[in-house]
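To keep things clear, I will list the structure first and then write my remarks on it.
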Amino acid sequence: MNGIARWIPVGADPRWAKRAILLGLLAGFVVNGGYLVRYLSAREALYTFERGVRELTDNIIEPFQVLLGRGLYGCWMAALAMVVLGWYYWQMHHRESKSVYLMRRLPNPYEYPKRCFSLPVFGSILFLTEGFLLWQIDFLIYWFGTPSTNLPPVSWTALWSIW
Amino acid sequence: MLELKQVTKQYWKKTALKEINLTLHPGEIVGLFGENGAGKTTLMKCILNFLPYEGEILLDGQPITYKNIEKFSFATCEHSFFPNLTPQAHKEFYQGQFPTFRNKRFDALMDFFQLPMRQMVGRFSTGQKNQFEVILALSQGADYILMDEPFAGNDVFNREDFYKVLLGILEPTETVLLSTHLLEEVSEFISRAVLLHQGSILGDVSTLELDEQGLNVLDYVKQTYHYQADRVSKALKELTGEEE
């Protein structure tokens, strides 16, 4: 048994596990897409069209945290879903048979927790990292994509305000 | 040598095992008998460290930890195999985990019971699942083989075949602790009988001693449990009387 199969319960489908991780990553990106839509719309609102000419107003763009809204929820939810995955993997050893009796008799005491919790822990870290990176990217887009005259005076503090 | 000293197990207020003292010597085939709820399964689970308990359980003078747990194998009617895995994949997993895994014995037993090597175990019949569970326990390479009602659901021919094979393949150092209700069936095959009743050891006798006394295991069990032979006829009389 190679690759991911060594890190999930014996008999669990490694393709399913890979798909679950990819789905979590995708959920993070898709939900974050909402921020981009809101941001682009807010930036567009900074301009007016008069006689076919696009002109920048002196309006201030909405604060970062308002535009970000629930844009990182996909990552947080995916990370939380890993708790469910850990429970599911642990439960696998009690379904149809009690393979837990074998796992608890193995000479390597870490084999059982390794197979139940490695992927959920890895997934959680991955999704939290994804959330952190998206948050940074979102802010960079906000900071550099918005004309400086239209940025709120306390933009930098807005970065941290989501916490 | 496996030693249980003053082993007590309580579930909330119920005492499942009460000050059990028991020693199993290498090479013994011990039948563990008792009514439902007598504590047979609990005793095995305590030996395997699946349950916390009071007292001491020592294997060759050492407490049972992950360092010596591989000296035990366990066949249970609840089954401990992986249902989504084939026997072939089980074999590979066991080979990776237990350096003492007996390949030859595994192959021979699979062959004997005519179990398919490349079908998921979850799709086996109940009888086949039981057989496979026992095959794994016998092939792990353990010194102490614990079996908890391993043949529940198997037909009598199957079980008889199994006892014969078991007697034939066991090495002198392999110890078997077999919990079962099938007293008569195993009486020819065990070397010692331990009787549990309400969490305590009610009797512990070797079949050699029984032979000397002119008793068989069933007689001994009935005697020890104070079995009233006329119980059924009395009850029937009472019932018939009521009807009249």
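Scope of the values below: all heavy atoms of this structure, side chains included, with no hydrogens, waters or symmetry mates. Below, read A as the first sequence line, B as the second, and so on, with proteins coming before strands; counting in each chain starts at 1.
Atom NZ of A:Lys114 is surrounded by more than 12 heavy atoms from other residues, nucleotides or ligands within 6.0 Å. Other residues, nucleotides and ligands contribute over 12 non-hydrogen atoms within 6.0 Å of the CZ atom of B:Phe112. Dense packing is recorded around CZ of A:Phe49, with more than 12 heavy atoms of other residues, nucleotides or ligands lying under 6.0 Å away. Within a 6.0 Å radius of OH in A:Tyr73, other residues, nucleotides and ligands contribute 12 heavy atoms or fewer.
Within the 4.5 angstrom heavy-atom criterion, no atom of B:Glu133 approaches chain A.
Annotation for A:Pro107 and B:Gln97: closest pair CG-O, 3.4 Å, computed over non-hydrogen atoms.
The interface of residues 114-129 of chain B with chain A, defined by heavy-atom distances below 4.5 Å, is empty. Within residues 20-47 of chain B, the residues having any heavy atom less than 4.5 Å from a heavy atom of chain A are, in residue-number order, B:Lys45. Contacts with chain A (heavy atom to heavy atom, under 4.5 Å) involve these residues of residues 49-81 of chain B, listed by number: B:Asn49, B:Phe50, B:Tyr66, B:Ile69, B:Glu70, B:Phe72, B:Ser73, B:Phe74, B:Thr76, B:Glu78, B:His79, B:Ser80, B:Phe81.
For the atom pair CZ (B:Phe93) and CG (A:Leu106), the distance works out to 5.0 Å, reported to the nearest 0.5 Å. Rounding to the nearest 0.5 angstrom, the gap separating the CG atom in B:Asn84 from the CG atom in A:Asp13 is 9.0 Å. Distance check, rounded to the nearest 0.5 Å: CG of B:Leu48 to CZ of A:Arg105 gives 6.5 Å.
The stretch residues 142-153 of chain B participates, sequence neighbours left out, in no salt bridge (charged side-chain N to carboxylate O under 4.0 Å, His left out) pair at all.
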